[in-house]
Each structure stands twice: as C-alpha cells, then as structure tokens.
Amino acid sequence: MSVLRRVKTWEISDSEGSDAETKPTPTVSTDLTEDQSSEHKSKPLPSPPPKTEPSQTSALCPPRPDGRGTPSPARKRRSKEEIEADRQAARARKEDRERQRAARAQEKEERKQEQQRRSEAAENLKRLRPENCLRCLTVCIDPALLQQDGSDILLDTLTTFEWRFSIESQQLPYSITWTRDLPQQGEGSLEEEQVVLVLGLMDFMDMAISVKKMLHSEGEETGVGSFLSPVLESLNRDAQKVFTLLVTDSQPDYRTDGGGVHLLDETLQSKLGMETMDAEEVLVYLQLYKHISLVFLDGWQEVTNHVCAVTKALSKRPFKLLTERTELPFCVDGSWASGARVERDGSGLMQVWSRQIQQLNRVSPAVASTVIAAYPSPQLLLQAYQSLESEEDRKGLLAGLLVKSGGKERRIGPEISARVYRCFTAQNPQLVLD
C-alpha cells in the first residue's frame, strides 16, 4: 500500500509542454507517514525541461509589423499598349516642360531687348538735344574771308561761345559751311546742306551783270561771271544745297538808309546804268529760279549774327525732325496731365477730343464732356456747323447744352459756344479767340 501511496512523478514530453502548462496539477494525497514524508523531502522533484521556440512560425500567427516574413503579392504585368502610353505621356510632359522653359527664355530675351532698345532710344534722344548737337557742329570758314576787314568779329564770337570752327579752303571761295560729327556711326562727319557765301557789294554787282547777260542770251549758263559760275555748278551737282548770299557794304559812301534792295537799285542805276526792272529781274532769277536767298547786311557784325543764327538752327533741327515724325504730336505717351495715349485700335481718341476742347480758355472738363457727348468727334461737330445756314445759328449751336457739375445744371452759354465755333472754323491763324 505504501507503494501505491508514493507520489508519482510525471514526465512531460516536448510535445506536451504547451498542454502541460494549461492542465491543472493532479492532487496527491497527503496522508503519508513521517518516514515517507522525510524520504520525499530528501529527494527533490525533477525540474521541467526548458521551453524551446518552435522552428516554424505558425500559420495562425499575425504578420510582423516590419513586413518581413510575409510573401509579397504578385505584380500584374502591363501590356505593351500601356507601356507605350506611359512613354508617350512622359514624352508629352517633357516636351511641355521644354516648351515652357523656351517660352520663359524667349520672354526674358524680349524683355532684355526691349530694355536695350529703350536705353538706346534714351541715349539717342539725349544725343539729339540742341545743347549736345551744338558740340558736334563745326563751322568751316574759307581763308579768303579772313582777308576782309572786320572778319575777326566772327572768330572772336565763335571763340566766346566755345563753338568749334576750322579755317580750311572750301569748294566755293568766300563761303562758310557746317559739318556734323556722327558718333553713332563711328569716326566720320556729315556736311550740312547750308552754304553761306559772303560777297562785297562790288562783287555782287559783277554777279548781277553776269545774270543779266545770261538772261539776254536765252538762259545759257556758259561764260557767266567768276562768282556765279561756281554756285551754279554746285547746284547742278547737288540740288539739296541751300545757298544764301550775304551782301555786305564795306564802303561807307554806298550805304543808304533805304534797305538792301533800295541800296542795290541805287548802286546798279548809278554805277551800271541798270533800270529798276532789270535789278528786280536779277533778284527774281536768283531767288525764284535758283532758290538762292539774298540778304543785304551792313557789316561783319550782322554777318556774325547770321552765322550764329544758322548754327543754332542746325543744332535744333535733329530734335525737331524727331518730334515731327510722330503721327499725332499732341498725343504723347504716358499718363501725365496734358497727354492722352491713343492705341492702335483707336481707343483713347475720345479722351484726345476732350483734351482738345479743354485747351480753350475757361472750358472745364464738365463742359468738354457735355460737348463730346453731343458730338463724339470733331467731324460730327463740323458737319453740324455746315448743316446750319446762318452764322448766328452756328455760333449758338452749343449754347443750349446742359452741363451737370456738383449736382447743379447750367447751360454752356453763347460765349463758350462762339469760341468753340471760331476755333474750328476760323481760317486766320492769328485770330484771337477771346
């Protein structure tokens, strides 16, 4: 019986390790003798074997968070059409990016060119101003003129003004010409078409006799006098030349108070026996047929004044030519107070029409708006004037129009109406409108 009561040891196999942990330990009877209990205490129970990890992951275990240990899903193979479509889409996106890049580069280049054109235009405009053009002009004086008494007045005046001048032989003796430097075209100069020929009274009388003989010989230019022949030859070579004859009287006994033409008439009649009609015929031939201007002066001081006036006019001409090339010189670019910009499509002409009316004295913007509302263009206003028969009706055409300003209404009135009528219909440029 003692053997049956002996505590039995359970041997747990590896396969039953997991089940053994969950199964309850069987109860063993504690009704033992003291000997058996002491024997049992002297022999300790064997410890269970250590747990080992299973060699393979159970199929029921969830996948790991890092994804390792789980098979990747099978990839779907694309067809050739899909691959080609993707390639074309990528190629289209690349071409679009290149197109945008080229457009940005072109826009940048256009802005750069526009900025360069503006700076060149500003530099050209600065160079064409009269004070800068005056530095580019050179007054060329023939050495023969320096032999005359009083010619030093011209040289002293040019030196005082710090204008450039040179003393060199000219194609025409006793002449003064002008040359202009061209810095935008490199080294070089341009000869102006203005030519001033300074002659004494006796030299001019010889020219008048030559002209008279030529007119009697039915206009043949051969065998004319020594001073007229080079002038006519120069005009034949270059028709753009503009000649001016400055006739000076260096002999006091020939001077009179009747002016240059009267001086010529008296001198020709007394010295050469020419009639008044003959002298006028000479002047008509030189001025109207050959376009040679004729100016009678008292001395070298007036000659100097004339040369200075021509020099200043030549310095102002490039800037005037630049401003006269615009189609509408009163419509300037910008948004300043007195300007109105006109676009290519015609927008802005109404504003120009309003500004044109406001140029009249005591014409407010409200009055101008009323006029352009009734007559949107100057042509319509002129047609309205032409449709009326009497002068009084034309002057009072705009008098009855109502002007609204500041919450009040008033009429334009007969005074402003008559002023507008005179402005658009008067033929006299010197007429005072008020």
Novice: Tell me whether Arg362 contacts the main-chain N or O of Ile416 through its side chain, where contact means a donor paired with an acceptor under 3.5 Å.
Specialist: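 The answer is no, because no donor-acceptor pair under 3.5 Å joins these two groups.
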Novice: For the pair Gln170 (side chain) and Glu168 (backbone), establish whether a donor and an acceptor sit closer than 3.5 Å, ignoring hydrogens and angles.
Specialist: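 It does hold such a pair.
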Novice: Just by modelled atom types, is the Lys312 backbone N or O under 3.5 Å from a matching donor or acceptor in the Ser315 side chain?
Specialist: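 Yes, because the side chain of Ser315 sits within donor-acceptor range (under 3.5 Å) of the backbone of Lys312.
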Novice: Within the 4.5 Å heavy-atom criterion, are Leu397 and Tyr421 side-chain neighbours or not?
Specialist: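 They are not in side-chain contact.
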Novice: Please walk me through it: do Arg419 and Glu415 pass salt bridge (Lys or Arg N to Asp or Glu O under 4.0 Å)?
Specialist: CA-CA 6 Å; Arg419 194 185 311 135; Glu415 182 182 355; 3.4 Å; yes
Novice: Flag the pair Leu228 / Met207 as yes when at least one side-chain heavy-atom distance between them is below 4.5 Å, and no otherwise.
Specialist: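 Side chain of Leu228 against side chain of Met207, heavy atoms only: contact under 4.5 Å found.
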Novice: Under the rule for ring pair (Phe, Tyr, Trp, His ring centres under 6.0 Å), what residues qualify as partners of Tyr289, not counting sequence neighbours?
Specialist: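 In terms of ring pair (Phe, Tyr, Trp, His ring centres under 6.0 Å), with neighbours along the sequence ignored, Tyr289 is linked to no residue.
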Novice: Under a 4.0 Å threshold between the charged nitrogen and the carboxylate oxygen, would Arg117 count as salt-bridged to Glu114?
Specialist: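 Answer for the salt bridge query: yes.
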Novice: Enumerate, atom names and distances included, each donor-acceptor pair closer than 3.5 Å involving a side-chain atom of residues 155-163, sequence neighbours excluded.
Specialist:
unit_1: Thr157; atom_1: OG1; unit_2: Ile153; atom_2: O; d: 2.8
unit_1: Thr159; atom_1: OG1; unit_2: Leu155; atom_2: O; d: 2.8
unit_1: Thr160; atom_1: OG1; unit_2: Asp156; atom_2: O; d: 2.8

Novice: Does the side chain of Leu128 reach to within under 4.5 Å of the side chain of Leu321, using non-hydrogen atoms?
Specialist: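 No, too far: nothing below the 4.5 Å cut-off.
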Novice: Anything under 3.5 Å between a donor and an acceptor, one on a side chain of residues 370-384, the other on a protein residue two or more places apart or in another chain? List them.
Specialist:
unit_1: Thr370; atom_1: OG1; unit_2: Ala366; atom_2: O; d: 3.0
unit_1: Ser377; atom_1: OG; unit_2: Leu380; atom_2: N; d: 3.3

Novice: With distance as the sole test, does Arg394 use its side chain to make a donor-acceptor pair with the main-chain N or O of Tyr385 at under 3.5 Å?
Specialist: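 Between the backbone of Tyr385 and the side chain of Arg394 there is a qualifying donor-acceptor contact (under 3.5 Å).
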Novice: Can you tell me if Thr248 uses its side chain to pair, donor with acceptor, with the backbone of Leu297 under 3.5 Å?
Specialist: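 Absent.
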Novice: Can you find a heavy atom in the side chain of Glu131 that is under 4.5 Å from one in the side chain of Leu134?
Specialist: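 A side-chain contact under 4.5 Å is absent here.
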Novice: Quick check: does any side chain N or O of Ser369 sit under 3.5 Å from a backbone N or O of Pro365, one acting as donor and the other as acceptor?
Specialist: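 Indeed, once roles are kept as given, a pair shorter than 3.5 Å links the two residues.
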Novice: Determine whether a donor-acceptor pair (N or O, by modelled atom type, separation under 3.5 Å) exists between the side chain of Arg411 and the backbone of Gly400.
Specialist: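 Side chain of Arg411 to backbone of Gly400, a donor-acceptor pair under 3.5 Å: yes, one is there.
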Novice: Taking NZ, NE, NH1 and NH2 as the nitrogens, is one of them in Glu95 or Arg91 under 4.0 Å from a carboxylate oxygen of the other?
Specialist: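 A salt bridge is absent here (no side-chain N lies under 4.0 Å from a carboxylate O).
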Novice: What I'd like to find out is whether the side chain of Val420 reaches to under 4.5 Å of the side chain of Leu360, using heavy atoms alone.
Specialist: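 Yes, their side chains come closer than 4.5 Å.
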Novice: Using atom types as modelled and distance alone, determine if a side-chain donor or acceptor of Ser119 lies under 3.5 Å from a backbone N or O of Gln115.
Specialist: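 Yes; judged by distance alone, with no hydrogens or angles, the pair exists.
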Novice: Under the salt bridge (Lys or Arg N to Asp or Glu O under 4.0 Å) criterion, do Arg99 and Asp96 qualify, and how do the steps go?
Specialist: CA-CA 5 Å; Arg99 195 181 305 110; Asp96 190 20; 3.4 Å; yes
Novice: Are the side chain of Ser234 and the backbone N or O of Val231 linked by a donor-acceptor pair below 3.5 Å?
Specialist: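 No, Ser234 side chain to Val231 backbone: no donor-acceptor pair under 3.5 Å.
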Novice: Please check this pair: side chain of Ser293 against backbone of Thr244, looking for a donor-acceptor N/O pair closer than 3.5 Å.
Specialist: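 No.
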